[in-house]
Each structure stands twice: as C-alpha cells, then as structure tokens.
Amino acid sequence: MKDIKKIELLAPAGNMEKLKTALYFGADAAYMGGHNFSLRQYSQNFSYDEIFEAARYTHNLGKKLYVTVNIFARDNDFAQLEEYLNILQEAKIDAVIVSDLGVLDIVLKNTSLDVHISTQANTTNARAIDFYANLGAKRVILARELTLKEIQNINKNLTKDIELEAFVHGAMCVSYSGRCLLSNFFTGRDSNRGECVQSCRWDYMLYQKTKPDKQLVINQDAKGTYILNSKDLNMLNHLDKLAQAGISSFKIEGRMKTAYYVATIVNAYRRALDYLANNQKIPEYILQEPYKTSHREFTTGFYFDKPEECYSSSRTIQTYDFVAIVKEYDNGKALVEQRNRFEIGDELEILSPGDTFLKTINVQKMQNINGKPIMIADQVQQELYIHTDLKLNSGDILRKKQKNS
Ligand code: SF4
C-alpha cells in the first residue's frame with residue numbers, strides 16, 4: 001500500500017499553456033514531448049528554448065518535469081538523438097520516458113538523466129521490472145493491460161526498489177500498449193513514431209471473406225460500427241485501490257487535449273487525492289467533474305479483470321463549454337481572455353484550485369479593454385473585464401453549462 005499523501009499526480013503538457021494549467025490546478029509533475037522523438041507528433045510540443053523555460057517554471061514551483069523520448073528508433077535517429085539528450089540534460093529535466101532499448105542504452109551511457117520506462121515497453125511482470133531496475137531505470141510505467149490483482153502481485157514479487165506508474169484517466173486505444181499498425185497501414189503514418197491519425201476511431205464495416213457481398217450483422221448505426229473505438233479510462237473513484245496495489249504515480253493521458261480538459265481533470269484528481277489523504281470519501285460533485293469536459297463513455301479499462309470496452313460512436317461529449325480564462329483580478333473586476341461566446345445574463349461556473357471552485361457568476365456588467373460597456377463576448381481570445389465580487393485568480397477558468405445538458 002502506497003501512502004496516498006505521497007502519490008504523485010502526473011499530468012500531460014502538450015504546450016506551455018497546458019503545462020502552466022496542469023501545475024496551477026495541482027499536478028505534482030508533468031510530462032511533455034519535444035518536437036522530435038516523442039509519440040505525439042501532432043501535439044504542439046516544445047522547442048529547445050521552451051524546454052528550458054518549462055523546466056525552470058516547473059522547478060520554481062518545486063515540481064517535476066519529464067520528457068517523452070519514446071519512439072521506436074531507427075539507426076539514423078541516433079545522431080540527432082544524442083544532441084537532443086544533451087539539451088534535456090542541460091535543461092535539468094527530471095527524467096526521460098523511453099521504450100526502445102537502443103534509446104535506453106544511449107541515455108544511460110551518455111547522460112545522467114533519470115529514466116522512466118514507457119508504457120510502450122509493455123512491461124507486465126516483476127522480473128522485467130527488476131531487470132530494468134538493474135539496468136538503471138528509476139521507474140516503470142506499467143502496461144495498461146494489467147489488472148489490479150496482477151499489479152499487487154508484481155509489487156509483492158519485486159526485489160528492487162523501483163517506482164511504478166500507471167494511467168488513471170484518459171483516452172485509450174485498442175492497440176496493445178500503443179503498438180499498432182492501423183494508422184501506418186491506412187495512411188503511412190506510424191503510431192510507433194508519434195504519427196498516429198487515430199484510425200481506430202473511424203467507422204468500419206466487417207465482411208466475411210467467403211461472402212463479400214454480405215455484411216455481417218455487427219453494424220451499430222447507419223454509418224457502420226466503431227468496433228475498434230475504445231471508451232475512455234476513468235479511475236477517479238478507485239484511486240485507493242490503485243494505491244493499495246502499489247502504484248506511486250497516477251498518470252493522466254492527454255497531451256493533445258485542451259487546457260480546459262487538463263484543468264478539469266487535474267483539479268478533480270487533485271481534490272480526490274486530498275480527500276483520500278484526509279480519510280474522507282470523495283464527494284459526488286468531484287466524481288461528476290470528468291463529465292464536464294470532452295470525453296467518450298467511461299470504462300475502468302483492464303483494472304477489474306475485464307478488458308477495455310469499445311462502443312458505438314467516436315464522438316466525444318461534454319456538458320460545459322470553456323468560455324474564458326482569468327488573467328488578473330483587481331478591485332471587483334476580472335480581466336479575462338475569451339474562449340467561447342458568452343453574454344450579459346449568463347451564469348458562469350468557476351473552475352479553480354481555490355475556494356471559489358464551483359461558485360457561479362451571474363454576468364451583469366462587462367467592459368472591453370478600453371472600458372467601454374459590452375453585452376456579448378464573441379471575439380476569439382478577446383480580452384475584457386467582468387465585474388464580480390468573487391475574488392478570482394490568474395489561471396482560473398470560467399465555464400458555461402451547455403443548453404441541452
Ligand atoms: S490508430 Fe488507434 S489503436 Fe492504433 S495507435 Fe492510434 S489511437 Fe491507438
């Protein structure tokens with residue numbers, strides 16, 4: 001059993017804004033990718049300068065920053081990789097996340113960077129984890145196909161002192177620990193080199209080979225079936241069980257998700273962990289938070305002895321819209337940056353790591369940046385003032401319930 005107070009909440013950082021959001025809302029650590037060698041090439045990711053800035057920003061808050069270098073490398077990747085690892089070392093990154101043994105070898109030989117073994121390495125047993133510990137790894141991110149019972153056994157059988165990390169929330173796919181050829185096969189974009197186009201979310205028809213004109217009865221709507229499209233993982237209500245199984249870092253998936261998504265999910269898991277640390281039950285309103293941001297149907301994945309499930313549409317849903325982020329607050333006036341349309345008379349809910357969380361503002365008075373009264377905020381990223389007595393903080397988010405929710 002891991003002490004819940006010491007468990008790390010680890011959040012995705014697809015760019016600098018999302019990194020700051022994750023840390024503001026209570027993540028203990030964040031993981032990010034550079035422009036190369038990371039498995040999320042369609043996330044914005046970080047340039048060399050931004051990696052230095054991100055490390056400084058994170059360390060000033062006393063938190064940790066990990067960088068994904070988890071491609072399956074080809075021989076011609078290594079010259080540039082060497083230079084990249086030097087940059088990461090200079091930036092004082094807290095660990096690199098690797099899956100390829102060649103990459104692990106060069107990290108161990110050329111740098112003093114800590115190493116976390118990526119979930120892409122499909123680690124499913126204590127022997128493999130001990131082996132990685134002997135090589136010098138500090139942490140293993142477990143294969144997501146493991147059940148809680150299997151994780152408990154692994155923990156019992158380990159002979160080395162090594163940290164275990166596991167995913168607790170976010171999108172999952174039908175690949176085996178991320179090893180997949182679908183995207184490569186259909187589009188030439190290789191998931192194992194960070195180029196996945198999410199082909200599993202598309203709609204498919206299944207035919208029996210001997211009866212090509214006869215479609216098998218598996219279609220779930222007029223467009224076809226989404227047999228390959230997994231539900232999203234949500235372990236918010238089971239964090240105590242993961243701690244009991246021996247996980248010391250709870251990882252949230254989603255480097256391609258929005259800052260609003262990161263804020264909502266990190267805030268929910270931070271608050272849930274804090275309730276558990278104080279021996280309190282997680283309140284229902286916290287368990288409802290993941291529904292307020294983009295999600296598919298939820299599942300507990302493989303943790304409770306059954307495989308992850310797929311379902312009938314790839315569409316994501318959410319019950320609230322992100323309408324503005326707070327830049328500063330002074331004397332009854334919040335300077336905000338608009339993200340979605342809102343107007344006088346709207347009720348906005350506050351998403352904050354502080355005491356104003358879930359309080360609402362009934363918008364009565366707004367001004368543009370020049371002090372002129374306005375009725376509607378509908379210009380993308382426009383800065384404006386909202387009058388409210390609730391003391392907001394820079395980084396707080398304002399959201400609005402969708403009409404049909
Ligand atoms: S195509 Fe789908 S199953 Fe394959 S790696 Fe991409 S997200 Fe995963």
Side-chain angles (χ1 to χ4, degrees), residues 2 6-13 16 19 22-23 27-40 45-123 126-142 158-166 193-194 247-251 255:
K2 292 285 167 193
K6 294 195 181 139
I7 283 176
E8 175 185 84
L9 181 58
L10 176 55
M16 194 61 80
L19 171 69
L23 300 176
D28 302 303
Y31 63 99
M32 51 172 265
H35 284 313
N36 296 310
F37 309 117
S38 146
L39 282 187
R40 280 285 176 266
N45 290 329
F46 291 73
S47 66
Y48 283 179
D49 283 349
E50 285 169 335
I51 290 172
F52 279 89
E53 190 192 336
R56 268 194 305 272
Y57 185 89
T58 308
H59 293 154
N60 280 342
L61 295 171
K63 302 189 176 197
K64 291 190 171 164
L65 188 64
Y66 311 136
V67 174
T68 51
V69 193
N70 53 350
I71 58 157
F72 287 97
R74 303 291 205 275
D75 279 346
N76 56 11
D77 286 323
F78 282 87
Q80 206 193 337
L81 188 56
E82 211 170 318
E83 176 196 315
Y84 184 53
L85 291 172
N86 288 339
I87 297 286
L88 298 184
Q89 169 128 314
E90 234 182 279
K92 300 195 170 50
I93 292 303
D94 296 284
V96 286
I97 302 168
V98 307
S99 40
D100 182 283
L101 284 174
V103 177
L104 176 61
D105 184 55
I106 190 174
V107 172
L108 292 172
K109 284 188 178 141
N110 288 25
T111 77
S112 56
L113 287 161
D114 278 347
V115 175
H116 297 176
I117 302 298
S118 167
T119 194
Q120 251 75 25
N122 309 132
T123 313
R127 238 170 219 276
I129 298 168
D130 276 345
F131 180 73
Y132 280 124
N134 281 335
L135 288 178
K138 185 154 185 243
R139 175 183 297 187
V140 169
I141 305 154
L142 294 172
L158 279 178
T159 64
K160 302 286 169 193
D161 188 19
I162 184 163
E163 297 166 358
L164 301 181
E165 178 182 307
R193 296 178 67 78
I247 303 298
S248 57
S249 176
F250 290 171
K251 184 177 215 162
R255 278 189 286 144

Enquirer: Side chains of Y84 and V96: does their closest heavy-atom pair fall under 4.5 Å?
Expert: no

Enquirer: Given side chains that start at C-beta, do those of F72 and Q120 come closer than 4.5 Å, heavy atoms only?
Expert: yes

Enquirer: So R127 and D130, do their side chains get closer than 4.5 Å, heavy atoms only?
Expert: no

Enquirer: As a quick check of understanding, evaluate side chain to side chain contact (heavy atoms under 4.5 Å, CB included) for L65 and L19, giving each step before the final call.
Expert: CA-CA 9 Å; L65 188 64; L19 171 69; 3.9 Å; yes

Enquirer: If you count the non-hydrogen atoms of other residues, nucleotides and ligands that lie under 6.0 Å from NZ in K64, is the total more than 12?
Expert: no

Enquirer: Who passes side-chain hydrogen bond (donor to acceptor under 3.5 Å, both in side chains) against E163, sequence neighbours left out?
Expert: R139

Enquirer: Between atom CG of D49 and atom CE of M16, what is the distance when rounded to the nearest 0.5 Å?
Expert: 9.5 Å

Enquirer: Report yes if the side chains of L142 and I247 come closer than 4.5 Å at any heavy-atom pair, otherwise no.
Expert: yes

Enquirer: What residues form a ring pair (Phe, Tyr, Trp, His ring centres under 6.0 Å) with Y31, not counting sequence neighbours?
Expert: none

Enquirer: Nearest 0.5 Å please: distance from the CZ atom of R56 over to the CG atom of N60.
Expert: 8.5 Å

Enquirer: Is there a side-chain contact between H59 and D94 in this structure, where contact means two heavy atoms from C-beta onward sitting under 4.5 Å apart?
Expert: yes

Enquirer: Quick one: are L85 and N110 in side-chain contact, heavy atoms under 4.5 Å?
Expert: no

Enquirer: When rounded to the nearest 0.5 angstrom, what distance separates CG in N86 from CG in L81?
Expert: 9.5 Å

Enquirer: Does the side chain of L164 reach to within under 4.5 Å of the side chain of I129, using non-hydrogen atoms?
Expert: yes

Enquirer: Which one of I7, D28, L10 satisfies the side-chain contact (heavy atoms from CB on, under 4.5 Å) criterion with F250?
Expert: I7

Enquirer: Checking Y48 against E90: is there a side-chain donor and acceptor pair closer than 3.5 Å?
Expert: no

Enquirer: Within the structure provided, determine whether V107 and V69 are in side-chain contact (heavy-atom separation under 4.5 Å).
Expert: no

Enquirer: Which word best sums up how the rings of Y66 and H116 line up, parallel for under 30°, tilted for 30 to 60°, or perpendicular for over 60°?
Expert: perpendicular

